[in-house]
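So the structure is just underneath, and the comments pick up after that.
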Amino acid sequence: MKIKLEEKFAELYHKNADAVYFTPGRVNLIGEHIDYNGGLVMPCSITLGTWLAIAPNSDNKFTFKSLNFEVQTEVEANISHEKNGNLWANYPIGVINEFIKDGKEITGLDFLYFGNIPIGSGLSSSASIEIATAFALNEYFNLGYDKLELVKMAKRVENDFIGLNSGIMDQFAVAFGEKDKAIVLDCETLKYKMVDINLGNYVLAIINTKKPRELADSKYNERVEECQTALKLLNEEIKLNNLCDLTAEKFALHSHLITDEVILNRATHVVKENDRVHLAAKALNAGELSDFGRLMYASHESLRTLYGVSGKELDAVVDFCADYEHVIGARMTGAGFGGCAIALLEKGFEEDFAKHLTNYYVDKIGYPAEIYVSEIGNGPIRL
């Protein structure tokens, strides 16, 4: 891919690229919709991701081109910019804004991006672009930021520039990923530990429902507000910073404070999902993949019935997996409202799984899903 991107860069910009970078996407193995509630998540990097080629220019401008989007744009260097509609380049422009706000002078550059993460699929294509840009600029100009500082910067882009009230998990996962390891991340303290994932006779299947979801335009922010409402109600009796400060047992003692059924469902999911991450880490450490798989199914059911962020497409995939004997666990991954599901699939059954799932999905939904098999990969790198 590096050579192809370099060739396209030369074709589009009539000069050679000076550096090429790769940043992965991510899946969240378990722990969904709790990153903004101060809980534990368990993401990992995948081998799908974003490639970025750059070279300096003498125009004192940043020029953004992508092999995935026809629209290209350019902005002046070293001045602040505002979000421009739904333009894909808002993500790198937002990153550059953060460097400028921090007093860094970045001279004009030409950018060329390519990603093989399905757009709008819940595999964090936006976080991958953000970290790819931040990592490249930091490395190329020797700006001296560490990875955590770049992660926090990318989160500010998502929250303040793009306008999505998301947590820090996506940016953290793509920046800190390691091969064959999951990250157990405390989203409140940002303390983390790596957990070895020995999939043994299983592979990670990623199923793109091909129903895109625009998070900023969805009910994502509504879920954030519902959780804040639950927290406020609980704080009438106990002192909490986040919903995930509660264990399931303690929550049961105080849940009477939440009289609205919808708000109660949201809080119940958050508290129990946080507990599931603890159990999932224990299962992986013990090599008990079947226990981990059962927790995946339980997570999906909670997201479906209590949190209301699944949908017929994601449910169709997980329902099929539950009846397919060579899958031991499956769930939606990412924020939902479409996007992807993941499954632990027995090796050797990839083609059979794809064939039968495709037939089932077309019958239920009317069009085929896309099915990938991914390894668990490393974080960003200069190639």
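More than 12 heavy atoms of other residues, nucleotides or ligands sit less than 6.0 Å from atom CD1 of I79. Within a 6.0 Å sphere centred on NZ of K147, other residues, nucleotides and ligands contribute more than 12 heavy atoms. More than 12 heavy atoms of other residues, nucleotides or ligands shown are found within 6.0 angstrom of NZ on K181.
If you take OG1 on T107 and CG on N57, they are separated by 8.0 Å, rounding to the nearest 0.5 Å. In this structure, CZ in F64 is found 8.5 Å from CG in L109, a value given to the nearest 0.5 Å. To the nearest 0.5 Å, atom OG of residue S45 and atom CG of residue N378 are 7.5 Å apart. To the nearest 0.5 angstrom, I131 atom CD1 is 12.5 Å from R26 atom CZ. In this structure, CG in L112 is found 6.5 Å from CZ in F9, a value given to the nearest 0.5 Å.
Applying the side-chain hydrogen bond (donor to acceptor under 3.5 Å, both in side chains) rule to Y113 yields the partners T133; only residues at least two apart in sequence or on another chain are considered. A search for ring pair (Phe, Tyr, Trp, His ring centres under 6.0 Å) contacts involving F62 returns nothing, not counting sequence neighbours. Shown here are the ring pair (Phe, Tyr, Trp, His ring centres under 6.0 Å) partners of H269, two or more places apart in sequence or in another chain: Y307. Annotation: side-chain hydrogen bond (donor to acceptor under 3.5 Å, both in side chains) contacts of K347 (sequence neighbours excluded): none. Looking at residues two or more places apart in sequence or on another chain, you find a ring pair (Phe, Tyr, Trp, His ring centres under 6.0 Å) between Y361 and Y367. In this view, D18 and Y140 satisfy the side-chain hydrogen bond (donor to acceptor under 3.5 Å, both in side chains) rule, not counting sequence neighbours. Under the rule for a side-chain contact (heavy atoms from CB on, under 4.5 Å), the partners of T189 that lie at least two apart in sequence or sit in another chain are D186, K191. Remark: E32 pairs with N28, R331 by the side-chain hydrogen bond (donor to acceptor under 3.5 Å, both in side chains) rule, at least two apart or across chains. Residues forming a ring pair (Phe, Tyr, Trp, His ring centres under 6.0 Å) with Y297 (at least two apart in sequence, or on another chain): none.
At a cut-off of 3.5 Å, with distance as the only test, a side-chain donor of T47 or S374 sits close to an acceptor on the other residue. The closest side-chain donor-acceptor pair between K155 and N159 falls under 3.5 angstrom. No side-chain donor-acceptor contact under 3.5 Å links Q72 and S66. Between the side chains of Y324 and D352, at least one donor N or O lies within less than 3.5 Å of an accepting N or O.
I54 and Y13 fall into different hydrophobic clusters, where Ile, Leu, Val, Met, Phe, Trp and Tyr side chains are chained together by heavy-atom contacts under 4.5 Å. Both I34 and L231 are members of a single hydrophobic cluster when ILVMFWY side chains are connected at heavy-atom separations under 4.5 Å. Under the 4.5 Å side-chain heavy-atom criterion for Ile, Leu, Val, Met, Phe, Trp and Tyr, L67 and L48 are members of distinct hydrophobic clusters.
Using cut-offs of 30° and 60° on the angle between ring planes, the pair Y220 and H33 is tilted. Ring pair F353/F320 is tilted by interplanar angle, where 30° to 60° counts as tilted.
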Salt bridge (Lys or Arg N to Asp or Glu O under 4.0 Å) evaluation trace for E149 with K152
CA-CA 5 Å; E149 289 171 322; K152 291 178 177 179; over 6 Å; no

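The ring-ring contact (aromatic ring centres under 6.0 Å, His included) pairs that include a residue from residues 152-172 are F172-F176, F172-Y192, where partners are two or more places apart or lie in different chains. Sequence neighbours left out, the pairs with a member in residues 365-378 that pass salt bridge (Lys or Arg N to Asp or Glu O under 4.0 Å) are K179-E375, K210-E370. Counting only residues at least two apart or on different chains, the side chain to side chain donor-acceptor pair (under 3.5 Å) pairs with a member in residues 308-320 are H300-D315, R304-D315, R304-D319, S310-D315.
Using a cut-off of 4.0 Å between Lys/Arg side-chain N and Asp/Glu carboxylate O, K4 and E7 are scored as not salt-bridged. Between D110 and K15 there is a salt bridge, since a side-chain N of the basic residue sits under 4.0 Å from a carboxylate O of the acidic one. Between E6 and K2 there is a salt bridge, since a side-chain N of the basic residue sits under 4.0 Å from a carboxylate O of the acidic one. Salt bridge K8/E11: present, at least one basic N to carboxylate O contact under 4.0 Å.
The heavy-atom pair separating C187 from V41 by the smallest distance is SG-CG2, 3.7 Å.
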